[in-house]
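Counting begins at 1 with the first residue of the sequence. In each ligand, atom 1 is the first atom listed, and ligand 1 is the first ligand listed.
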Amino acid sequence: MRSRKLIVLVMLGLMVGCQGERPTPEVPEQSFDIQTGADPHSFAEYEKVSIAHMALDLSVNMDAQTLEGHVVYDLDRHVPGWQRLVLDTRDLVIDDVLAIRSDGTVLPVSWYLGSAQGHLGQPLVVVLPSGIEQVRIDYASKPQAFGLQWLTAEQTSSGRPFMFSQSQPHYARTWVPLQDTPAVRYTFEATVRAPEELMVVMGAGGNADDINDDGIYNFQMPQPIPSYLMAIAVGELEFAALGPRSGVYAEPDWIDRAANEFDVLEEMISIGETLYGPYRWGRYDLLVLPPSFPFGGMENPRLSFLTPTIIAGDGSLLALVAHELAHSWSGNLVTNAAWQDLWLNEGFTVYFEARIMEALYGERIERMLAKLDWDGLMADLPQHAPGEQQLVRDLSGRDPEQAFIRVPYDKGRFFIEWLESRFGRETLDAFLRDYFAAFAFESIDSETFRAYAIEHLFQRHPDAASIEQMDEWLYEPGMPAFAVAPESDAFERVDQLAEQWHSGELALLELPTQAWSVYEWQHFLKGLSGQVDTEDMASLDAQFELTDTQNVELLYLWLLLSIETQYGPGLDRLASFLMEVGRNKFTRPLYASLAKTDWGRARAIEIYQQAQSGYHPLTRQASERALGIDSDIIGPN
Ligand code: BES
Ligand code: ZN
């Protein structure tokens, strides 16, 4: 089958060549060896032809764990006479490709899947007859699709199966054949069929107003988005309104706690708008996923996906919601054109998140959060080679997963904070509002930002800061000597008290912990590493019940200390935590730290073997790497 298509393509390739310049012997050769292009993580030749609109029509098969159906693309042709469309795919079953003429009639076309290239998958090459501006692809996803997690009825709190997507950075191609690069934006519509007892939601319009019993859902996305923001989830979901344009979806067990925890959402949106301009996406809802969700949150447009682990009961982990909301400007509205420019998405967002938190809870709380980030970054930076410590990096030939280290997040954030300290808050805010308006619904690279900042900030206020200083942030490793470290009086006080406890001046009982926020607790627990033994752990636990804490950030630090000190009750809790939670930020370091000990390695592997069937493919991959048992690592790193 495939070889017949290959032969047709060779002939067509030659014919295409004949129409244009003089054919050279290399033409057919080249057409088989598709290389990544302007974006090193996509095969799409989007400067030649790009997707303008997508119409998806999918059926969700929860038993077979597949999505099946077709997608129709409207194309923008940028180079007249260009005769092929290259899409990204990974693990997809492509059944057929058809061209649709302007009168609606269809025309079979030649196509083939190029050879598999590790995590990048396979290019799908479609020969485009001239004049054709619509293409239809009939396809199905496979159960192992890396960008989807399928949970069986036994694996959810509702007792019904669940499925959700995670497309960032380059996994949309495992459930839709598309130009999987953040450089390309398109609008879309979707019809999705699912079992009647389940609800389908998408990062799109049409969610809340389309709750129905026939199992057929329609969505529209009128704002152009990049592929990594494509999102879908299916499960037994309930909805609770939080404000006129906001609400939350969750499985029945979670919905009340979720609605309670997130009741400030509408206020957060208003704060965002006051800071950086109108919210341009219509509604903003949250979706609480099962605990296997591999991240804290994912900024899917109109519908951020969240881990249930941030539902602490007291709103203390809402910075994560502020973060995902902030992406509605930094990331979703103005988008990094490729993953080496990730700091444009994440650095601005961490800064913006901090501004929302400050507006909601005051400067004292915000400075604590800033200090936690700073300390985390300082601990993390030396673990990376100099080239990795730059905001602008070269990721060609590597898995874009590697972009997601603390540097683009926290170094990015402190860069923007530094701009604020140099130019003043008012000037910087006005600049940022203009920046979001100037590049709204565009994908840009670091150089575009740099040129814009030079023109609109540095040249207008030449005494405030120099371009060389900005370039040091962007292109040099480490932190510039002139970076401004955050200070927190509250944490200094915690340090003094901890010191007094260690030296025996103060008993645990006398620590004024009643007045501590979760962030002071975080700082305190971090400071205990290397300072406590098993006995201290038992006293701390007796006094503060840390093994039973409901706050996942504190629990995580407590579990790391439990590994460090071989504290029994903590280690039991660790096993049950790893069985339930698949959030990579916690699971990866916990497995790594347990596997590093001579007594814990076998135990870590045993826990993993029991837990892995409930993990997302990403969590499985990361855990196996942490444990050094990576069986099926895909592609180069
Ligand atoms: N866009 C990310 C989620 C993500 C990370 C997707 C890595 C793919 C690869 C999201 O906005 C994010 O940064 N989430 C963080 C929370 C944030 C408060 C730092 C997370 O999930 O921990
Ligand atoms: Zn983010």
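For the Zn ion (ligand 2), the nearest N, O or S atom contributed by E346 is named OE1. Closest N/O/S atom of H323 to the Zn ion (ligand 2): NE2.
In this comparison of Y171, F295, Y409, the heavy atom closest to atom 19 (C) of ligand 1 sits on Y409.
For E299, every heavy-atom contact with ligand 1 shorter than 4.0 Å involves the side chain, none the backbone. Residue-level proximity to ligand 1 for F404 is carried by the side chain, the only part with a heavy atom below 4.0 angstrom. Only side-chain heavy atoms of H327 come within less than 4.0 Å of ligand 1; its backbone N, CA, C and O stay farther off.
Two rings, from W343 and F414, have their centers 6.0 Å or more apart. Residues Y519 and Y361 keep their aromatic ring centres 6.0 Å or farther apart. Ring to ring, F305 and F164 are not that close: their centroids are 6.0 angstrom or more apart.
Proximity of a side-chain donor or acceptor of Q390 to a complementary backbone N or O of V407 within less than 3.5 Å is not detected. A donor-acceptor pair under 3.5 Å links the side-chain atoms of R173 to the main chain of L120, judged by distance alone. The main-chain N or O of I311 is never found under 3.5 Å from a side-chain atom of E261 such that the two would form a donor-acceptor pair. For the pair S165 (side chain) and G147 (backbone), a donor-acceptor distance under 3.5 Å is absent.
Of the protein's non-hydrogen atoms, Q168 OE1, 3.0 Å is the one closest to atom 6 (C) of ligand 1. The single protein non-hydrogen atom nearest to atom 15 (C) of ligand 1 is E324 OE2, 4.2 Å, given as residue, atom name and distance. Protein heavy atom closest to atom 18 (C) of ligand 1, with residue, atom name and distance, is H323 CG, 3.6 Å. Summary of contacts: the protein heavy atom closest to atom 3 (C) of ligand 1 is G297 O, 3.4 Å. Of all protein heavy atoms, the one lying nearest to atom 20 (C) of ligand 1 is G296 N, 3.5 Å.
Within ligand 1, the atoms closer than 4.0 Å to a non-hydrogen atom of Q166 are 6 (C), 8 (C), numbered from 1 in the order shown.
For the residue pair S623 and Q612, no side-chain donor N or O sits within less than 3.5 Å of a side-chain acceptor on the partner.
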Task: CA sep, side-chain torsions, deciding dist, call: E363, R425, salt bridge (Lys or Arg N to Asp or Glu O under 4.0 Å) - done: CA-CA 14 Å; E363 202 181 337; R425 184 170 272 199; over 6 Å; no
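For E299, every N, O or S atom stays at 2.8 Å or more from the Zn ion (ligand 2).
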